[in-house]
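A quick write-up on the structure given underneath.
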Amino acid sequence: MRVAIVHDWLYVVGGAERVLQQILQCFPDADVYSVFDKLSDEDRARIGIVRPVHTTFLQKIPGIRRWHRTLLPLMPIAIEQLDLSSYDLVISSSYAVAKGVLTGPDQLHVSFVHSPIRYAWDLQHRYLADTGNRRGLKSMLMRVLLHWIRIWDFRTAHGPDVMIANSHFIARRIRKVYGRTADVIYPPVDLSVTDGTVGKGDYFLAASRLVSYKNIEAVVRAFAHLPDLKLVVAGDGPERERLEAAAGPNVSFAGYVSDGKMRELMAGARAFVFAAEEDFGIISVEAQSEGTPVLALYRGGSKETVLGGVTGLFFDEPEPEAIAATIGEFVAGAEKFSPGACIDYAARFSAERFRSEFFSTVMAAYEAHRSEAGPRRVRPVPDTPRRAGAR
């Protein structure tokens, strides 16, 4: 069985790349394909990519790592140029275009969908607002482009034989957008190696890239209503200067921190405050694995990754008043939330569990597909070459 794994693009190690890492552990001999690969050798080894990545013509464009989002119109064309015809099994890890690779009827294509292209579908209007393109000629051009992307995205949604979503929330989005049913396999999370006995500090923690849709501003402003409580904000991004200006004296900014330091902050926090609507929300599971309860927005993947009343609490809107009220409720009943319960709940999202579920799902689909399609015919190679002109 020849296996190809297709990933959208490679330039940072994030949540999607952690999934790729675990898929490669399931299929270590697979060849990896991507629109472009600008990872360092260290990051490539960290993911488990041991052979050169097969890329597209976009690999040669100067500055592709920085400007790749502006080249989105070329991504569908690029991904369709990958020749995967020699593989029996194609696995795509897709949050943009990877699921659009071309495969034949005798090949099995399994697509792990992190999400349909968010900014082309239900989040289009927010995307235009956040980029300052609600009106004007540029807005019109972007709307036409996103319309074309939606047409392509829907057409290619019928290419994969099997779709897997990373949460029930994304499975509902897939059904809404593509009209398809997807299996659900939660992505792998790097769980803590501690036992939850780390002493708690006197602060609450919020952590993410500081961009508008993460709703960090609402968390920061919530603590204006809670002057006796402290908030630490970890992470960096274009919103940092504005957030610091809006913050009160009980809010401090740690900036970008290493993975190890982030885990220390999580373990020492009274609770982790998470106000974003995410597809899954790996970071909130990481916090729970450190024995820390999560106070989260009751939308998206958080409804599946936080157990209300046991490992955390929910607020209904990403508004300062709602967040402050939930924090106050938590403080009043903090003794109900034990580190052990948080750690136990987080364990259901382990990497070992992901590999087991993913491998068994893929192989069951492959065996069913092979029995239906029959063995692929391979032209035999003669033992000795024929002489020129021989019949």
Side-chain angles (χ1 to χ4, degrees), residues 13-15 17-19 21-22 25 46 166-169 184-208 219 229-235 254 257-276 278-315 323 326-358:
V13 179
E17 287 68 38
R18 294 183 191 182
V19 172
Q21 178 189 46
Q22 299 302 321
Q25 289 196 35
R46 178 179 164 194
N166 70 357
S167 67
H168 291 281
F169 173 65
V184 174
I185 299 178
Y186 291 122
V189 178
D190 291 333
L191 303 179
S192 175
V193 296
T194 66
D195 57 4
T197 58
V198 176
K200 293 296 182 184
D202 63 348
Y203 62 90
F204 290 78
L205 176 67
S208 79
V219 179
L229 301 178
K230 296 179 182 179
L231 172 69
V232 174
V233 178
V257 297
S258 66
D259 290 346
K261 180 62 177 177
M262 180 68 79
R263 292 302 185 126
E264 289 180 15
L265 287 171
M266 286 178 175
R270 297 176 66 177
F272 184 80
V273 188
F274 189 66
E278 294 283 13
D279 303 332
F280 177 72
I282 284 178
I283 194 168
S284 67
V285 179
E286 291 175 338
Q288 290 172 82
S289 81
E290 298 290 349
T292 299
V294 175
L295 312 180
L297 177 65
Y298 193 59
R299 295 182 193 169
S302 292
K303 295 164 71 173
E304 302 169 53
T305 57
V306 179
L307 189 59
V310 179
T311 70
L313 294 172
F314 293 107
F315 44 90
I323 297 170
T326 301
I327 294 171
E329 180 185 352
F330 171 79
V331 171
E335 68 281 353
K336 296 187 301 184
F337 302 93
S338 72
C342 295
I343 292 170
D344 290 344
Y345 190 71
R348 66 199 297 252
F349 303 103
S350 70
E352 293 79 8
R353 182 269 324 158
F354 172 83
R355 290 195 299 271
S356 175
E357 292 183 10
F358 185 81

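Each residue takes its place number in the sequence, starting with 1. Everything numeric in this text was worked out from a predicted model, so none of it was measured. Side-chain atoms are counted along with the backbone in the values below, which use heavy atoms only and exclude waters and symmetry mates.
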Take Phe280 and Val189 through the side chain to side chain contact (heavy atoms under 4.5 Å, CB included) test and state the conclusion after the steps. CA-CA 11 Å; Phe280 177 72; Val189 178; 4.0 Å; yes
Ring pair (Phe, Tyr, Trp, His ring centres under 6.0 Å) contacts in which one or both residues fall within residues 288-313, not counting sequence neighbours: Tyr298-Phe314
Among Val233, Leu205, Val273, exactly one meets side-chain contact (heavy atoms from CB on, under 4.5 Å) together with Val219. Which residue is that? Val273
Sub-3.5 Å donor-acceptor pair from the side chain of Lys200 to the main-chain atoms of Ala267, do we have one? yes
Give me the atom names and distance for the closest heavy-atom approach of Ala234 to Val257. CB-CG2, 4.3 Å
Listing, residues 345-352 side-chain donor-acceptor contacts under 3.5 Å, not counting sequence neighbours, or none:
residue : atom : partner : partner atom : Å
Tyr345  : OH   : Glu304  : O            : 3.0
Tyr345  : OH   : Arg348  : NH1          : 3.1
Ser350  : OG   : Arg353  : N            : 3.1

Counting only heavy atoms from other residues, nucleotides and ligands, does the tally under 6.0 Å from NZ of Lys303 exceed 12? yes
Gap separating the CG atom of Leu231 from the CD1 atom of Ile327, nearest 0.5 angstrom: 7.5 Å
List the steps, then state whether side chain to side chain contact (heavy atoms under 4.5 Å, CB included) holds for Glu264 with Ser258. CA-CA 10 Å; Glu264 289 180 15; Ser258 66; over 6 Å; no
Heavy-atom closest pair (Val232 atom, Ala254 atom, distance to 0.1 Å) is CG1-CB, 4.3 Å
I'd like to know if the side chain of Gln21 reaches the main chain of Arg46, judged simply by a donor and an acceptor atom lying under 3.5 Å from each other, with no hydrogens or angles considered. yes
I want to check something: taking the side chain as every heavy atom from C-beta on, are Val306 and Phe272 in contact at a cut-off of under 4.5 Å? no
Distance from Ile185 atom CD1 to Arg355 atom CZ, nearest 0.5 Å? 13.0 Å
With a 3.5 Å distance limit and no angle check, can you tell me whether Glu290 reaches the backbone of Glu286 through a side-chain donor-acceptor pair? no
How far apart are the closest heavy atoms of Phe354 and Pro187, and which atoms are they? CD1-CA, 4.1 Å
Can you see which heavy atom on Leu297 is nearest to which on Ala275, and at what distance? CD2-O, 3.4 Å
Under 30°, 30 to 60°, or over 60°: which ring-plane class applies to Phe330 and Phe337, parallel, tilted or perpendicular? tilted
Give a yes or no answer on whether the side chain of Gln22 reaches the backbone of Val19 with a donor-acceptor pair at less than 3.5 Å. no
Look up atom CD1 in Ile283 and atom CE in Met266, then write down how far apart they are to the nearest 0.5 Å. 4.0 Å
Test Val285 against Tyr186 for side chain to side chain contact (heavy atoms under 4.5 Å, CB included), laying out the working first. CA-CA 11 Å; Val285 179; Tyr186 291 122; over 6 Å; no
Quick one: list whatever passes side chain to side chain donor-acceptor pair (under 3.5 Å) with Arg270, sequence neighbours left out. none
Would you say that Glu278 contacts Thr305 through its side chain, given a criterion of any heavy-atom pair below 4.5 Å between the two side chains? no
In terms of heavy-atom contacts, Ala287 and Val294 come closest through CB-CG2, 4.2 Å
Nearest atoms (heavy-atom pairs only) where Val310 meets Ala341: CG1-CB, 4.1 Å
